[in-house]
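The structure under discussion appears below in the form of structure tokens.
Both backbone and side-chain heavy atoms feed into the values below; hydrogens, waters and symmetry mates do not.
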Amino acid sequence: MTQETGGFAALDLNPNIVAAVLATGYEEPSAIQQQSIPIILAGHDMIGQAQTGTGKTAAFALPILNKIDVSKREPQALILAPTRELALQVATAFETYAKQMPGVNVVAVYGGAPMGPQLRAIRNGAQIVVATPGRLCDHLRRDEKVLSTVQYLVLDEADEMLKLGFMDDLEVIFDAIPASRQTVLFSATLPSSIRSIAERHLREPKHVKIQSKTQTVTAIEQAHLMVHADQKIPAVLRLLEVEEFDALIAFVRTKQATLDLAAALEAKGYKAAALNGDIAQNQRERVIDSLKDGRLDIVVATDVAARGLDVPRITHVFNVDMPYDPESYVHRIGRTGRAGRDGRALLLVTPRERRMLQVIERVTGQKVAEARLPNAQAVLDARIKKLTSSLAPLVAEAEATHGDLFDRLTSDLGCSARALAAALLRKATNGQALDLAAVEGEQPLVPSFAPRGERTERGERGERPERGDRERRAPMPLAEGRVRCRTALGARDGIAAKNLLGAILNEGGLARDAIGRIQVRDSFSLVELPEDGLEKLLSKLKDTRVAGKQLKLRRYRED
Ligand code: ADP
Ligand code: MG
């Protein structure tokens, strides 16, 4: 895909489309575009597999625009997308690429908006319909003929559509479109469910696959940092001081966490907002628009709320909470480094999540290097650098406008120029710590962990998938002949050590000194018991209840 291949102009597209694409600033087609456009133009069915951010939208939108008969005012192309955001994004892309093709009408059809205007827009001559499957099926129920003129069908992000449960809706839609259509399917992954759809509904499809490894993560610089779960917010605040970002998206797992982190960021003066599933749709769109145009710099989002979000300004992705699987890691960090730009992705890892980090490294085929939290010196340097660059444009001119005032003030105050300048600096920096001792004093974080490889007992043992960081305290070494047993009852069930002790003594018939340490955590407890006769003891305790709940004590293996 070098200039010699002729770029977009060599792709046999309508010159008006090429002109519009070049006007948006694209210089040459991406790999998926280069390969898909000729296939779609030639009328073949196609399966395109490529990761997020590879330019799939234009890969189907450009050839489809080329095929539309503008003089016919009826639906000719249907694009299905998993979410309202993506449908809107694709519809907007079509409009952009069709800027120099008068008469092309695009309508987006999705849930959460009134059906009437959508149906009217379709009937009023939209040639291109971009829809979410669920809402489109609602329309089909009202008017089963609404898709009868469609000749081109695109399934965008097919894997996501299936994950969201749209399988049945897709079948209904396939049935409502003439069989003579051309069908194109794009997906980041091709699980068997997608292959079976392709077998049933595509005709001799051509395959295009863009290797994900080189596409997704190479332009993105990745690093991870070890932190305790309860120190994530201070860690993020510290990182933000030194990272030079334009716009940033921070991923967390829960709605509450989006609110907490966004509030902490706002309190520090960042232009930040939360994005989660509870936030009304139109408000979500406002947040994304604000991030695009710079009214916001940071969005704190859950995976669902950020699906498909495409904001070229994003230079940084902070994985504040671990993603649930490696695929969503790749998906998340694909929010930056869009279209070949450089991006940076940071991942916060708590000790128990080390294994997930290894899985991510295995799946992406890349090492995610360990970084350290910036120390006080680095924070100070960054603050001074920011101050310097904010003053730089002023020093050239301020003397002309404020020089006389400065002379007057030094004379009125009877102080040196240095003393006045220092007073002004203090005022301008608003109490911010700007010497090393002061910066050190404001950093409450404990030092991070031993690097990977140096597994400490504290870091690795007892890492059960329990919730809450307080529960990560390391178990003590066991005495000879003792084993540790676990129950899912803990403090949150109203359990105290003495309840466990009492129950085991009474029902197990053990001597007091046969029972070792008892540790009660929030969501579980550990009890040290004699290994000798353990099976029998556990079966005696089989039906034991404590605080009204079944004890269900089991041997606990902490490897
Ligand atoms: P995907 O659907 O594969 O995730 P998109 O179609 O959303 O990717 O494109 C990702 C970003 O890349 C968008 O901002 C888009 O405008 C931009 N883009 C697409 N094709 C090109 C190109 N040929 N040159 C430059 N930027 C492009
Ligand atoms: Mg896409």
Side-chain angles (χ1 to χ4, degrees), residues 226-232 252-257 302-303 321-326 328 349-360 449 455-559:
M226 300 300 304
V227 293
H228 281 295
D230 56 1
Q231 298 203 318
K232 284 183 175 178
V252 293
R253 281 195 174 179
T254 64
K255 291 169 187 166
Q256 188 58 45
T302 54
D303 290 288
D321 288 337
M322 190 56 95
Y324 290 103
D325 48 52
S328 58
V349 183
T350 63
R352 80 184 52 205
E353 292 167 338
R354 278 188 165 126
R355 264 175 225 120
M356 187 61 181
L357 173 63
Q358 289 160 5
V359 175
I360 286 173
F449 293 79
R455 292 276 146 85
T456 58
E457 168 141 297
R458 185 175 166 75
E460 273 303 344
R461 299 210 23 220
E463 282 184 28
R464 300 285 99 183
E466 301 293 341
R467 241 158 284 134
D469 195 52
R470 261 164 288 115
E471 298 172 3
R472 196 196 2 76
R473 268 170 273 166
M476 304 274 285
L478 276 167
E480 264 295 294
R482 286 250 174 83
V483 294
R484 203 167 266 125
C485 292
R486 180 185 189 282
T487 164
L489 300 184
R492 68 166 177 213
D493 304 292
I495 299 286
K498 63 169 193 257
N499 308 125
L500 291 174
L501 182 63
I504 296 168
L505 287 177
N506 289 338
E507 312 224 356
L510 287 182
R512 170 63 189 95
D513 60 4
I515 303 176
R517 269 163 33 100
I518 297 178
Q519 295 164 277
V520 177
R521 300 286 183 253
D522 198 38
S523 61
F524 69 102
S525 305
L526 300 175
V527 185
E528 296 172 9
L529 295 170
E531 183 161 29
D532 203 26
L534 184 71
E535 290 299 303
K536 234 163 96 198
L537 175 65
L538 293 184
S539 84
K540 268 196 210 160
L541 295 173
K542 201 161 51 72
D543 298 319
T544 302
R545 300 174 82 84
V546 182
K549 293 186 182 159
Q550 280 227 302
L551 181 61
K552 290 206 190 136
L553 205 56
R554 301 235 192 295
R555 180 156 186 179
Y556 177 60
R557 295 174 203 277
E558 54 228 51
D559 44 308

(message) Quick check: do L537 and C485 have side-chain heavy atoms less than 4.5 Å from each other?
(response) no
(request) Apply salt bridge (charged side-chain N to carboxylate O under 4.0 Å, His left out) to D325 and list each qualifying residue two or more places apart in sequence or on a separate chain. (result) none
(message) Strictly distance-based, threshold 3.5 Å: is any side-chain N or O of S525 a donor or acceptor partner for the main-chain N or O of L489?
(response) yes
(message) Can you tell me how far apart CG (D543) and CD (Q550) are? Round to the nearest 0.5 Å.
(response) 6.0 Å
(message) Measuring only between side-chain heavy atoms, which start at C-beta, is M226 closer than 4.5 Å to R354?
(response) yes
(message) Run the side-chain contact (heavy atoms from CB on, under 4.5 Å) test against A491 and tell me which residues pass, sequence neighbours left out.
(response) V520, D522
(request) May I ask you to decide whether E531 forms a salt bridge with R555, counting only side-chain N to carboxylate O separations under 4.0 Å? (result) yes
(message) Rounded at 0.5 Å granularity, tell me how far CZ in R482 sits from CG in L534.
(response) 12.0 Å
(request) For R253, enumerate each residue passing the salt bridge (charged side-chain N to carboxylate O under 4.0 Å, His left out) test, keeping only those at least two apart in sequence or located in another chain. (result) none
(request) Decide yes or no for K232 and D321: does some side-chain heavy atom of the first lie under 4.5 Å from some side-chain heavy atom of the second? (result) yes
(request) Apply side-chain contact (heavy atoms from CB on, under 4.5 Å) to P530 and list each qualifying residue two or more places apart in sequence or on a separate chain. (result) L510, A514
(request) Quick one: list whatever passes salt bridge (charged side-chain N to carboxylate O under 4.0 Å, His left out) with K542, sequence neighbours left out. (result) none
(request) Answer yes or no: is there a side-chain heavy-atom contact under 4.5 Å between I495 and K549? (result) no
(request) Mind listing the closest non-hydrogen atom pair of L541 and A503 along with its distance? (result) CD2-O, 4.3 Å
(message) Given T544, which partner from the list L551, L538, L553 fulfils the side-chain contact (heavy atoms from CB on, under 4.5 Å) test?
(response) L551
(message) Looking at every non-hydrogen atom in both residues, tell me the closest pair between S328 and D303 and how far apart they are.
(response) CB-OD1, 4.4 Å
(request) Kindly give the heavy-atom pair with the smallest separation between L526 and Y556, and that separation in Å. (result) CD2-CD2, 3.6 Å
(message) I'd like to check M322 versus T350 (side-chain heavy atoms, cut-off strictly below 4.5 Å). Are they in contact?
(response) no
(message) Can you confirm whether I504 sits close enough to L529 that some side-chain heavy atom of one is under 4.5 Å from a side-chain heavy atom of the other?
(response) yes
(request) Would you please name every residue forming a side-chain hydrogen bond (donor to acceptor under 3.5 Å, both in side chains) with R545, sequence neighbours left out? (result) none
